[in-house]
Amino acid sequence: NVNQIPEICLQYGQQLEFREEIERALKMFEAALNTQDSEGNFVCPESLVSAANIGVARCNLRLGNIRQGIRLANELDDQQLFIDSGDILEQQKQYSEAAAMYIKGLQYEKAARIYIKNLIKNDKSRITEVAAIMSKVDNDNLNSNFAKACVGAGRYEDAVKAYERAKDMDKVVELKLRHLDQAQQAFDLVRQSASAQGAQFVADYCQETNDYRGAIEFLLIANKSDEAFKLAQSQSIVDVYTSILGENIASEDAMKVASYYEKISNFGLAGRFYSLCGQYSRALKLFIQCGDKEIDAAIEVVGRSQNENLTHQLIDFLVGEKDGVPKDQNYIYRLYLALKKYEDAAKTALIIARSEQDAGNYALAHSIVVETVREFENAGINVSLQLRQTFVLLHSYIIVKALVRRGDHNGAARLLLRVVQNVSKFPSHVVQILTSTVIECQRAGLKASSYEYAAMLMRPEYRPSIDANLKRKIEAIVRRRYAQGEEAAEEVSTCPISGQLIPEYQLESPSTRDALPMCIITGKHMLLDDWCFCPVSKCPALYSEYVRYIESEIKATTAAASSNSVGDGDVPIAPSAPSIANISSKLSATDPIHGKSVSISDLKLCPPDEAMKYIQRYNNVVEKKAGSAGNNGEDGVQNGVNNQDGEDLDGTKVKKKDGNGQGVDAGEVGVEKSAPQSNKLKLDRAQKTKEKMKRSNAESNKN
């Protein structure tokens with residue numbers, strides 16, 4: 001059957017081609033294409049025409065009819081034929097034609113190999129042809145060889161791209177430094193890759209260009225620490241060496257640096273590096289030689305070492321036994337914190353705060369107490385009620401000015417009544433506080449309280465110091481003699497512990513006698529359903545009041561921008577209270593503790609159970625175990641002060657007030673009597689003696 005002849009010829013031709021009988025195979029392929037029936041029609045099926053033509057093309061190439069074979073291959077446009085043609089032409093050493101066929105067959109790696117191995121060696125101009133396909137080649141070895149060829153031909157940009165594909169970044173660095181004037185890019189590459197060889201290239205380049213700082217940096221990256229230090233010494237830039245190494249400097253490197261600084265009498269820096277390599281004793285000795293300049297560093301070293309002998313040495317220096325000059329008590333306080341001696345730190349903080357309070361530095365006293373409370377809470381240490389009450393008293397006084405400015409005269413009056421009961425703790429501003437109390441109580445309708453403190457102002461020791469502009473008004477209040485019944489009643493709100501309705505400025509639970517946390521915005525006690533924490537200070541605040549405070553501060557800032565003044569009326573609040581009116585943006589105000597920006601979106605309502613846990617920590621109450629919480633339904637705070645976790649940190653049982661709802665003891669809040677400024681040295685020495693006695697007792701007990 002004539003219709004079967006094309007298929008038979010095609011199959012036979014393929015067998016002959018495989019047996020390398022190329023001429024006979026070509027005839028069979030052509031016969032398959034040219035077979036005709038009796039009427040002269042070609043009978044080769046369409047499905048076999050392409051395969052027969054491909055066979056013809058291959059056979060022509062094998063027989064050396066290259067033009068004919070390439071023409072047929074291009075006409076047929078078959079990817080496998082292009083690949084086969086490339087193989088045939090490569091075997092025949094027709095490299096240009098083979099490469100072209102491989103490219104058409106998408107065999108870029110084979111084409112690149114032919115170019116690199118056979119073509120561009122003799123004709124550098126063909127690098128451009130190769131560059132067009134090398135971006136599609138992933139073979140690192142081929143890219144590296146091509147890069148070398150590019151360097152030989154002065155084609156440095158192409159070489160850089162090829163080395164990048166080959167992941168040979170050291171060569172990239174070298175080319176950018178030596179041939180492309182791209183030093184900064186080379187620097188960045190080495191910093192990113194941290195290649196030792198690349199870093200050495202850069203370090204050599206930097207030394208050639210007198211860039212010694214750069215040379216030190218890259219010698220360190222190249223792990224040539226000794227060379228880097230010698231270079232730093234020779235150029236007197238050891239600070240560059242140390243700044244690059246940072247806190248992660250190795251001990252041996254730190255020792256070299258410390259010795260260098262000690263030789264040139266820079267004892268402060270020498271001490272810092274002795275500390276980094278664990279030589280705490282030598283470090284402290286050098287810090288002490290620096291006098292007051294390095295006291296903070298000395299405290300840090302002793303805190304790191306936790307060594308009793310070094311602690312004694314530093315205390316001797318701080319109390320003035322070495323030079324006869326006692327240092328600021330804040331250093332003793334910070335030393336106790338560094339040593340984690342929280343009991344002594346709390347006592348010292350209270351002494352310092354009271355001393356600053358006596359001097360009228362209320363903002364500083366406030367910041368010391370706030371810092372101490374925050375340090376203790378962060379360390380998970382119980383905060384004494386004594387510290388809490390000192391904070392309440394100082395903060396109540398400090399926020400009065402802001403309340404007056406916002407027109408909250410009732411709030412200002414209530415806080416001033418809280419403060420005035422402890423007015424002896426504000427000796428520098430007794431008359432101002434009494435005067436402010438009288439005026440604000442008048443404004444708030446607290447007539448009896450206004451009369452009480454107006455009468456106090458008439459005493460001989462206070463009367464001469466009253467502001468002349470307010471004297472007549474105060475005398476008129478005294479003549480009127482308001483009765484207690486004329487006093488406006490204080491509003492009530494729910495106690496967060498007992499659930500009872502109590503005066504909103506009362507800071508003690510009537511049922512458990514536990515202290516209630518105070519809102520830092522208003523001075524009121526906290527409410528479980530309106531509780532948030534300041535995102536800056538982490539202190540509790542009434543959420544609704546904080547929002548209202550931020551909104552009012554924004555309005556006040558807008559008004560101040562137009563009138564350039566905000567008045568407080570004629571109430572003489574002491575000038576040391578910090579201003580909280582600076583607002584950083586249209587949507588934020590400053591928090592009343594640290595003066596940092598806070599916006600309404602930063603505030604989050606706190607769940608009641610979390611608030612109860614805070615009340616528990618606030619009172620140092622031990623949480624009951626599951627199943628023994630009692631029958632009162634309260635899971636957060638145990639009833640009664642007898643359930644508190646031991647005594648306060650300083651061992652003092654703080655007496656709480658019974659009746660007037662102010663939450664701060666009117667006479668004694670447990671704060672130790674502050675010595676006058678001239679007696680600081682005695683106090684410090686007394687503390688030191690107490691410490692030594694404790695240690696000796698401990699040692700005797702051991703024996």
Side-chain angles (χ1 to χ4, degrees), residues 246-255 257-258 261-262 267-322 326-352 368 371-384 387 645-646 648-651 683-703:
E247 291 294 322
N248 296 321
I249 185 171
S251 294
E252 57 271 20
D253 294 330
M255 183 68 78
V257 173
Y261 280 127
E262 188 173 9
F267 299 131
L269 286 174
R272 291 179 188 277
F273 286 97
Y274 277 131
S275 172
L276 288 174
C277 59
Q279 299 288 318
Y280 300 124
S281 180
R282 293 175 72 177
L284 180 61
K285 180 181 176 182
L286 292 172
F287 287 143
I288 289 175
Q289 284 183 249
C290 295
D292 292 355
K293 294 180 182 178
E294 297 292 346
I295 294 179
D296 290 331
I299 291 171
E300 184 181 349
V301 162
V302 173
R304 280 188 188 180
S305 70
Q306 297 290 315
N307 182 286
E308 288 290 337
N309 185 40
L310 297 186
T311 302
H312 295 327
Q313 291 181 40
L314 182 55
I315 290 177
D316 287 343
F317 171 69
L318 293 176
V319 300
E321 288 192 4
K322 290 186 178 292
K327 308 303 181 290
D328 192 313
Q329 283 187 329
N330 278 289
Y331 293 125
I332 295 282
Y333 162 68
R334 291 214 288 272
L335 175 61
Y336 285 140
L337 282 181
L339 293 170
K340 296 181 171 51
K341 294 185 176 180
Y342 296 108
E343 183 176 340
D344 293 315
K347 292 179 183 178
T348 308
L350 285 168
I351 292 171
I352 296 170
I368 291 168
E371 179 191 0
T372 306
V373 171
R374 183 58 51 220
E375 287 280 353
F376 279 33
E377 289 183 342
N378 289 342
I381 303 298
N382 287 343
V383 180
S384 69
L387 267 175
D645 186 14
D648 292 331
L649 281 172
D650 61 353
L683 284 168
D684 291 338
R685 285 178 173 165
Q687 285 184 333
K688 180 189 168 191
T689 303
K690 185 178 177 182
E691 275 294 304
K692 288 183 177 178
M693 288 176 65
K694 284 183 179 179
R695 285 194 296 274
S696 63
N697 290 337
E699 290 173 0
S700 63
N701 289 336
K702 287 182 181 179
N703 294 331

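Since this is a predicted model, take the numbers as computed values, not measurements.
When all heavy atoms of Ala270 and Leu286 are compared, the pair lying nearest together is CB-CD1, 3.7 Å. In terms of heavy atoms, Ala298 sits closest to Leu284 at CB-CD1, 3.7 Å. Minimum heavy-atom separation, Val302 to Leu310: CG2-O, 4.0 Å.
Note that CG of Leu276 is 11.0 Å distant from CE of Met255, once rounded to the nearest 0.5 Å. Atoms CD and OG, from Gln279 and Ser305 in turn, are 12.0 Å apart once rounded to the nearest 0.5 Å. Here the CG atom belonging to Leu387 is positioned 4.5 Å from the CG atom belonging to Leu350, to the nearest 0.5 angstrom. Rounding to the nearest 0.5 Å places OG1 of Thr311 at 10.5 Å from CG of Leu318. For the atom pair CD1 of Ile315 and CD1 of Ile332, the computed distance is 6.0 Å after rounding to the nearest 0.5 Å.
With contacts defined as side-chain heavy-atom distances shorter than 4.5 Å, the pair Pro326/Val319 does not qualify. Asp253 has its side chain out of reach of Phe273: every pair of non-hydrogen atoms, C-beta onward, lies at least 4.5 Å apart. Between Leu335 and Tyr331 the shortest side-chain heavy-atom distance does not fall below 4.5 Å. With contacts defined as side-chain heavy-atom distances shorter than 4.5 Å, the pair Tyr280/Asn307 does not qualify.
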Side-chain donor-acceptor pairs of residues 287-297 under 3.5 Å, sequence neighbours excluded:
from: Glu294; atom 1: OE1; to: Arg272; atom 2: NH2; distance (Å): 2.9
from: Asp296; atom 1: OD1; to: Arg334; atom 2: NH2; distance (Å): 2.5

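Judged as a side chain to side chain donor-acceptor pair (under 3.5 Å), and not counting sequence neighbours, the contacts of Glu300 are Arg304. Checked against salt bridge (charged side-chain N to carboxylate O under 4.0 Å, His left out), Glu377 has the following partners two or more places apart in sequence or in another chain: Arg374, Arg388. With sequence neighbours excluded, the residues satisfying side chain to side chain donor-acceptor pair (under 3.5 Å) with Asn330 are Asp328.
Every pair passing salt bridge (Lys or Arg N to Asp or Glu O under 4.0 Å) that includes a residue from residues 279-288 is listed here, sequence neighbours excluded: Glu262-Arg282.
Using cut-offs of 30° and 60° on the angle between ring planes, the pair Phe376 and Tyr342 is perpendicular.
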Quiz item: Does the side chain to side chain donor-acceptor pair (under 3.5 Å) test come out yes or no for Ser281 and Tyr274, once each step is laid out?
Solution: CA-CA 9 Å; Ser281 180; Tyr274 277 131; over 6 Å; no

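In terms of modelled atom types and a separation under 3.5 Å, the side chain of Thr348 and the main chain of Asp344 share a donor-acceptor contact.
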